[in-house]
Protein chains: 2
Amino acid sequence: MKLSTRARYSLRLMVEIARRSDGGAPVSLAQAARGGDLPRRYLEQLVIGLKSADLLRGVSGKDGGYYLARPAAEIRVGDILEAAMGPLRIVDCVEDPRECLRADFCQCRQVYALINRRIREVLNEFTLEDLARKGGLQRGMERLEGKAAVGKGSGGTAPRGRSGRTVQGEETR
Amino acid sequence: MKLSTRARYSLRLMVEIARRSDGGAPVSLAQAARGGDLPRRYLEQLVIGLKSADLLRGVSGKDGGYYLARPAAEIRVGDILEAAMGPLRIVDCVEDPRECLRADFCQCRQVYALINRRIREVLNEFTLEDLARKGGLQRGMERLEGKAAVGKGSGGTAPRGRSGRTVQGEETR
DNA sequence: GATAACTCCTACTACAATAATCGGAGTTAG
DNA sequence: CTAACTCCGATTATTGTAGTAGGAGTTATC
């Protein structure tokens with residue numbers, strides 16, 4: 001149930017990049033590592049998954065680094081977790097019955113599927129912007145509380161883009 | 001994200017016991033193991049957690065075994081998972097800020113807390129009875145779909161007891 | 001065109017957790 | 001008294017996690 005370090009670091013890395021990528025210049029892992037006190041060498045690994053999920057783009061060479069492949073408001077927490085941890089499934093049999101010999105008569109499977117769906121829904125309601133926002137936390141929380149309280153059906157889980165601005169600068173630590 | 005074998009086995013074990021405990025006699029691990037093809041020796045370990053969470057009660061001696069500490073409709077999936085895996089927290093800092101040095105300025109924490117709450121909600125909406133029910137799946141599913149689709153606020157997550165009857169007998173495999 | 005600061009790629013390693021297995025002591029119905 | 005259980009404490013093999021290490025390739029700057 002617990003998120004792996006890998007998952008948490010990936011989220012924090014994305015947050016650091018989101019916060020610092022305001023000036024247009026790519027954010028280096030060294031910067032991100034310092035800002036979020038994360039082991040830089042480890043980030044190098046995590047970044048691979050985030051790139052191939054097309055959440056980050058890399059720029060080689062001096063003054064290189066990474067920038068978000070799309071606005072923070074359009075990157076869902078679920079996207080990041082999926083990139084870091086693989087498919088967001090509570091059990092394999094939910095998607096592919098062949099994974100389980102017992103699939104035809106196992107009642108658990110259907111309940112698993114429903115739970116799994118709901119978890120993905122929550123994960124897709126929150127975006128990187130929610131994580132990266134600084135200040136105005138109180139205001140932010142009200143909005144977030146709303147999100148968390150109102151079950152918004154099962155349908156489209158794409159995040160509605162808003163246009164808050166990400167602040168940069170002041171050392172996070 | 002994936003449920004551990006430990007967690008899945010615990011659920012299946014509970015299902016086996018629920019299904020077989022109709023006659024009043026306790027269900028032995030040997031029976032449960034055969035019915036759910038689970039390694040009996042391993043179940044002996046899992047049962048420890050389930051007992052101390054007061055979900056199962058043990059009866060020693062010949063014809064001994066285990067029975068549910070309360071009706072299946074009152075045992076939530078979340079209860080079982082918690083007994084099997086420990087506290088249902090996605091990260092430790094959600095409940096205890098001291099877990100994290102960065103707690104005061106970390107925005108993630110609040111979002112984590114909201115996600116965590118929602119996950120616990122889903123897990124507490126489904127009961128052992130939902131998992132153990134045999135036949136009438138179609139009908140069951142409609143009810144379950146309803147559950148999964150309608151976000152029912154954040155309030156009380158105690159399962160509403162219903163009074164379906166658990167079937168017993170016919171070998172599950 | 002050297003150099004500094006990066007990304008990028010591939011191993012490697014230490015440690016912890018997971019998924020069991022095993023032997024045997026204690027309990028109880030027949 | 002014995003067969004069928006629970007109960008208890010070790011032990012083990014395998015995998016996964018978190019993190020390090022070394023170095024090749026890329027690019028702005030002096």
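The sequence lines fix the lettering, A, B, ..., with proteins before strands; numbering per chain opens at 1.
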Kindly say if [X] contacts the phosphate of [N], meaning a side-chain N or O under 4.0 Å from OP1 or OP2.
{"X": "Lys51(A)", "N": "dC8(C)", "value": "yes"}
{"X": "Tyr9(B)", "N": "dA20(C)", "value": "yes"}
{"X": "Tyr42(A)", "N": "dA21(D)", "value": "no"}
{"X": "Thr5(A)", "N": "dA18(D)", "value": "yes"}
{"X": "Tyr66(A)", "N": "dC8(C)", "value": "yes"}

What integer distance in Å separates [X]:[atom1] from [N]:[atom2]?
{"X": "Ile48(A)", "N": "dG19(D)", "atom1": "CD1", "atom2": "P", "value": "16 Å"}
{"X": "Leu13(B)", "N": "dA20(C)", "atom1": "CG", "atom2": "P", "value": "14 Å"}
{"X": "Ile17(B)", "N": "dC5(D)", "atom1": "CD1", "atom2": "P", "value": "13 Å"}
{"X": "Arg8(A)", "N": "dT17(D)", "atom1": "CZ", "atom2": "P", "value": "13 Å"}
{"X": "Leu43(B)", "N": "dC22(C)", "atom1": "CG", "atom2": "C1'", "value": "16 Å"}
{"X": "Lys62(B)", "N": "dC7(D)", "atom1": "NZ", "atom2": "P", "value": "18 Å"}
{"X": "Leu3(A)", "N": "dG16(D)", "atom1": "CG", "atom2": "C1'", "value": "16 Å"}
{"X": "Tyr67(A)", "N": "dT7(C)", "atom1": "OH", "atom2": "C1'", "value": "13 Å"}

In Å and rounded to the nearest 0.5 Å, what is the CG to CG distance from Asp130(B) to Leu114(A)? 9.5 Å
Interatomic distance, Arg133(B) atom CZ to Leu128(B) atom CG [nearest 0.5 angstrom]: 10.5 Å
If you assign Val27(A) and Ala7(B) each to the DNA chain C nucleotide with the nearest heavy atom, which residue ends up on the more 5' nucleotide? Val27(A)
Would you indicate what Val59(A) reaches in the nucleic acid, counting non-hydrogen atoms under 4.0 angstrom: base, sugar-phosphate, or nothing? sugar-phosphate
Tell me what Leu29(B) touches on the nucleic acid: a base, only sugar-phosphate, or nothing, going by heavy atoms under 4.0 Å. sugar-phosphate
Would you say the side chain of Gln45(B) and the base of dA20(C) hold a donor-acceptor pair, judged only by whether the two atoms sit under 3.5 Å apart? yes
Spell out yes or no: do the side chain of Arg40(A) and the base of dG19(D) have one donor N/O and one acceptor N/O closer than 3.5 Å? no
Answer whether the closest heavy-atom distance between the side chains of [X] and [Y] falls below 4.5 Å.
{"X": "Thr127(B)", "Y": "Asp79(B)", "result": "no"}
{"X": "Leu11(A)", "Y": "Tyr112(B)", "result": "yes"}
{"X": "Met14(B)", "Y": "Leu68(B)", "result": "yes"}

Only one of Arg20(A), Arg19(A), Arg12(A) clears side-chain hydrogen bond (donor to acceptor under 3.5 Å, both in side chains) with Glu16(A); which? Arg20(A)
Looking at the side chain of [X], which of [options] is the nearest nucleotide?
{"X": "Arg41(A)", "options": "dG23(D), dC7(D), dA18(D)", "value": "dG23(D)"}
{"X": "Ser28(B)", "options": "dT6(D), dA18(D), dA28(D)", "value": "dT6(D)"}
{"X": "Ser60(A)", "options": "dT10(C), dC8(C), dA28(D)", "value": "dC8(C)"}

Hey, which of these two, Arg6(A) or Glu44(A), hits DNA chain D nearer its 5' end, going by closest nucleotide? Arg6(A)
